[in-house]
Amino acid sequence: MTITEFAGRTAFITGGASGIGLGIAKVLVERGARVVIADLRQDHIDKALAEFSGGGRSNAVSALQLDVTSRAAYAEVAARMLAEFGGIDILVNNAGVGLEGPILKATYADYDFGFGVNIGGVINGFVEFLPQMLAHGRGGHVVSTASLAAEVVMPAHLAIYAASKAAVCHYCEAVKGELGEQGIGVSILLPGPIKSNIHQAQQNRPEHLRSGSGFAESEAQLARRQVGDNWMEPEQVGHLVADGILANQTYIVTHGIFKDWQRARAQAVLDATPDVENAAVRGI
Ligand code: NAI
Ligand code: GGE
C-alpha cells in the first residue's frame, strides 16, 4: 500500500518553489509524479514555474500560493486537492525558515515565527491531509524536512530553529508506526548544507511578527550570508528523497560531516543515564 512508483501519484510540496523543495519537485516530476508546489512567495513560484516551462513534463506541475501557518487557507487548499486530484498521495512538509538571533534578544514574535512555520506548518499539513490520504485508500507517504540541526547541540542563536526541527523529528518518529498500519509511510529529511534561499528568513516573516522582533539585526546580517560553492545541489537531495519514499526510509540524511557531533550528543545522554537494574522500574 505504501508508494512503490511515482507514476499516477500526486505530490504536494510545501516550500516547493525554492531550494530543497524545488529540487524534490523536479525529481518527482522527472520520475512520473504529478506535483503541486505550495509556497508563501509568489516571486519564488513565478521563477520556479518558468524553470519547468517547455520541459518534457511541464504540464505535470502546478503551483499555488499558501502560508502553511494559516489553517483556514490550508484547509481550503486541501479541499481543492481532494476535488481536483481525488486527494494527494505524497505530502512533503518542507516549508521552513532559517531564523537566527541571540536568544537573549528573542521575543514572542520570534518564537511564534520560528515554531509557527517549522513545526506548526508540519502539523497543519498532517491534520489537513491525513484524512484524505486515509480515505482514498491508495496508501501514501509523508516526508517532513527537519535538519541535522535537530541531531546535534546547536549554539544559542539557533536555539529556536534547532528546537523546532527536533519537534518535527520526534513527531514523525512517534506517528510512523500508527500511520504505517494504515498504509501511510513516514520519512524525515535531515539535510546538511544545501544551496538554497534559506538565508532569506527576514523576507519570509509576516508583517505582524516583524514589529517587536528582537532578531531584526541578525536577520539583516543573515541575508548577506553567501551560499557555499561546496554545498549540495537541491536536485541531489531530490533523488535521495525519491529513493527514501520508495524504501519508506525513516531517516533521509544528506551529509556525514556532523557525524562526530551527532555521536557526541547521543553519547552525552547515555553517559548521564544510570544503569537501573530494578525490574519494577524497568517495567514502566
Ligand atoms: P528556501 O528558502 O530556498 O526554500 C524554502 C521555501 O519555503 C521558500 O520558497 C519560502 O518561500 C517557503 N516558505 C517559507 N515560509 C513559508 C510558509 N509560511 N508557508 C509556505 N511556504 C513558506 O530554503 P531551503 O533551504 O530550501 O529550505 C527548505 C527546508 O529545508 C526548510 O525547512 C529548512 O529549514 C530545511 N533545511 C535547509 C537546509 C539548507 O542547508 N538549505 C539544511 C537543513 C534543513
Ligand atoms: C545553510 O544555512 C543553514 C542555516 O543558516 C541554518 C541551518 C542550516 C543551514 C541547517 O539546518 C543545518 C546545516 O546543515 O544546520 C546545522 C546542522 C548541524 C550543525 C550546524 C548547522 O548549522 C550551522
Side-chain angles (χ1 to χ4, degrees), residues 12-25 37-48 63-71 73-74 77 92-101 112-122 124-125 143-162 164-169 188-206 209 218-219 221-228 230-238 241 252-262 264-265:
F12 183 92
I13 309 176
T14 70
S18 170
I20 295 172
L22 181 55
I24 297 170
I37 286 171
D39 205 287
L40 175 74
R41 301 253 307 255
Q42 192 60 46
D43 59 330
H44 283 178
I45 290 175
D46 294 342
K47 206 161 158 266
L64 50 87
Q65 198 273 336
L66 172 70
D67 179 344
V68 294
T69 68
S70 167
R71 290 180 175 159
Y74 213 141
V77 163
V92 184
N93 286 315
N94 166 78
V97 286
L99 84 166
E100 59 178 85
D112 288 349
F113 178 44
F115 285 104
V117 179
N118 291 358
I119 179 65
V122 171
N124 293 345
V143 181
S144 303
T145 306
S147 165
L148 278 173
E151 304 297 326
V152 304
V153 178
M154 294 292 277
H157 60 103
L158 279 161
I160 297 175
Y161 183 78
S164 69
K165 293 302 188 175
V168 170
C169 198
I188 304 155
L189 175 61
L190 298 169
I194 316 293
K195 290 185 179 128
S196 79
N197 291 308
I198 184 127
H199 299 148
Q200 296 182 359
Q202 203 171 35
Q203 288 183 58
N204 299 339
R205 197 187 264 268
L209 297 178
S218 34
E219 277 176 8
Q221 268 175 31
L222 181 66
R224 291 192 289 273
R225 204 177 292 161
Q226 299 287 317
V227 164
N230 58 344
W231 294 2
M232 193 180 277
E233 295 294 337
E235 277 180 73
Q236 206 177 330
V237 184
V241 168
I252 304 169
V253 188
T254 63
H255 290 69
I257 50 177
F258 302 121
K259 224 166 180 170
D260 286 342
W261 297 1
Q262 292 173 247
R265 184 183 181 285

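Only this structure's heavy atoms are used, side chains among them; waters, hydrogens and symmetry mates stay out. Numbers for residues simply follow the sequence, beginning at 1. Whatever order the structure lists ligands and atoms in, that order sets their numbers, starting from 1.
The nearest protein atom to atom 20 (C) of ligand 1, hydrogens excluded, is given as L66 O, 3.0 Å; this is a heavy-atom distance. The single protein non-hydrogen atom nearest to atom 43 (C) of ligand 1 is P191 O, 3.4 Å, given as residue, atom name and distance. Residue, atom and distance of the protein heavy atom nearest to atom 11 (O) of ligand 2 are S147 OG, 2.5 Å. When hydrogens are left out, the protein atom nearest atom 7 (O) of ligand 1 is G15 CA, 3.2 Å; that is the closest non-hydrogen contact. The protein heavy atom nearest to atom 7 (C) of ligand 2 is Y161 CE2, 3.6 Å. Nearest protein neighbour of atom 17 (C) of ligand 2, counting heavy atoms only, is A149 N, 3.3 Å. The closest protein non-hydrogen atom to atom 34 (O) of ligand 1 is Y161 OH, 2.8 Å. What sits closest to atom 2 (O) of ligand 2 on the protein, heavy atoms only, is H199 NE2, 3.3 Å. Counting only heavy atoms of the protein, atom 35 (C) of ligand 1 lies nearest to T145 CG2, 3.5 Å. Among all non-hydrogen protein atoms, the one lying nearest atom 21 (C) of ligand 2 is M154 CE, 3.4 Å. For atom 3 (O) of ligand 1, the closest non-hydrogen atom on the protein side is S18 OG, 2.5 Å. With respect to atom 3 (C) of ligand 2, the closest heavy atom belonging to the protein is I198 CG2, 4.1 Å. For atom 31 (C) of ligand 1, the closest non-hydrogen atom of the protein is N94 O, 3.3 Å. In terms of protein heavy atoms, atom 6 (C) of ligand 2 is closest to L158 CD2, 4.2 Å. Scanning the protein heavy atoms around atom 14 (C) of ligand 1, the nearest turns out to be N204 ND2, 3.8 Å.
Across G114, S147, S144, G192, heavy-atom proximity to atom 42 (C) of ligand 1 is greatest for G192. Across T69, N118, I20, heavy-atom proximity to atom 26 (O) of ligand 1 is greatest for I20. Comparing D39, L99, L40 against atom 12 (C) of ligand 1, the shortest heavy-atom distance belongs to D39. Of all the listed residues (V97, I194, V227), I194 holds the heavy atom that lies closest to atom 40 (O) of ligand 1.
The residue K165 has no part lying near ligand 2, judged by heavy-atom distances below 4.0 Å. Contact annotation: for A146 versus ligand 1, heavy atoms closer than 4.0 Å belong to the backbone alone. At a heavy-atom distance under 4.0 Å, no atom of K195 approaches ligand 1. Contacts with ligand 2 closer than 4.0 Å are made by no heavy atom of E151, backbone or side chain. In P191, the part holding a heavy atom less than 4.0 Å from any atom of ligand 2 is the backbone.
Annotation for R225: atom CZ counts as buried by contact number, over 12 foreign heavy atoms lying within 6.0 Å.
Heavy-atom proximity to A95, at under 4.0 Å, picks out these atoms of ligand 1: 20 (C), 21 (N), 22 (C), 32 (O). Set against the non-hydrogen atoms of P193, the atoms of ligand 2 under 4.0 Å away are 14 (O). Within ligand 1, the atoms closer than 4.0 Å to a non-hydrogen atom of R41 are 11 (O), numbered from 1 in the order shown. For ligand 2, the atoms sitting less than 4.0 Å from at least one non-hydrogen atom of L148 are 17 (C), numbered in the order shown with element in parentheses. Within ligand 1, the atoms closer than 4.0 Å to a non-hydrogen atom of H44 are 8 (C), 9 (O), 11 (O), numbered from 1 in the order shown. Atoms of ligand 1 found under 4.0 Å from any heavy atom of N197 (numbered from 1 in listed order, with element): 1 (P), 2 (O), 3 (O). Within ligand 2, counting atoms from 1 as listed, the ones closer than 4.0 Å to a heavy atom of V152 are 18 (C), 19 (C). Annotation for ligand 1: atoms under 4.0 Å from non-hydrogen atoms of G19 are 3 (O), 26 (O). Near D67, meaning under 4.0 Å from one of its heavy atoms, ligand 1 places the atoms 17 (C), 18 (N), 19 (N). Close approach of ligand 2 to G192 is summarised as follows: ligand atoms under 4.0 Å from at least one heavy atom of the residue are 14 (O). Atoms of ligand 1 lying under 4.0 Å from at least one heavy atom of P193, given by number and element, are 40 (O).
Ligand 1 has an N or O atom lying under 3.5 Å from an N or O atom of V68, backbone or side chain.
Within the 4.5 Å cutoff, the side chain of P191 has no heavy atoms near those of the H255 side chain. For the pair E100 and L158, the minimum side-chain heavy-atom distance is below 4.5 Å.
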Task: Residue pair D43, R41: steps toward the salt bridge (charged side-chain N to carboxylate O under 4.0 Å, His left out) verdict - done: CA-CA 5 Å; D43 59 330; R41 301 253 307 255; 2.9 Å; yes
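Remark: the backbone N or O of L40 is paired with a side-chain donor or acceptor of Q65 at under 3.5 angstrom. Looking only at distances, a side-chain donor or acceptor of D39 sits under 3.5 Å from a matching main-chain atom of A17.
Counting only heavy atoms, the protein never gets under 4.0 Å from atom 9 (C) of ligand 2.
Residues N197 and S18 share a closest heavy-atom pair of ND2-OG, 2.9 Å. What you find for G114 and L99 is that their closest heavy atoms are CA-CD2, 3.7 Å.
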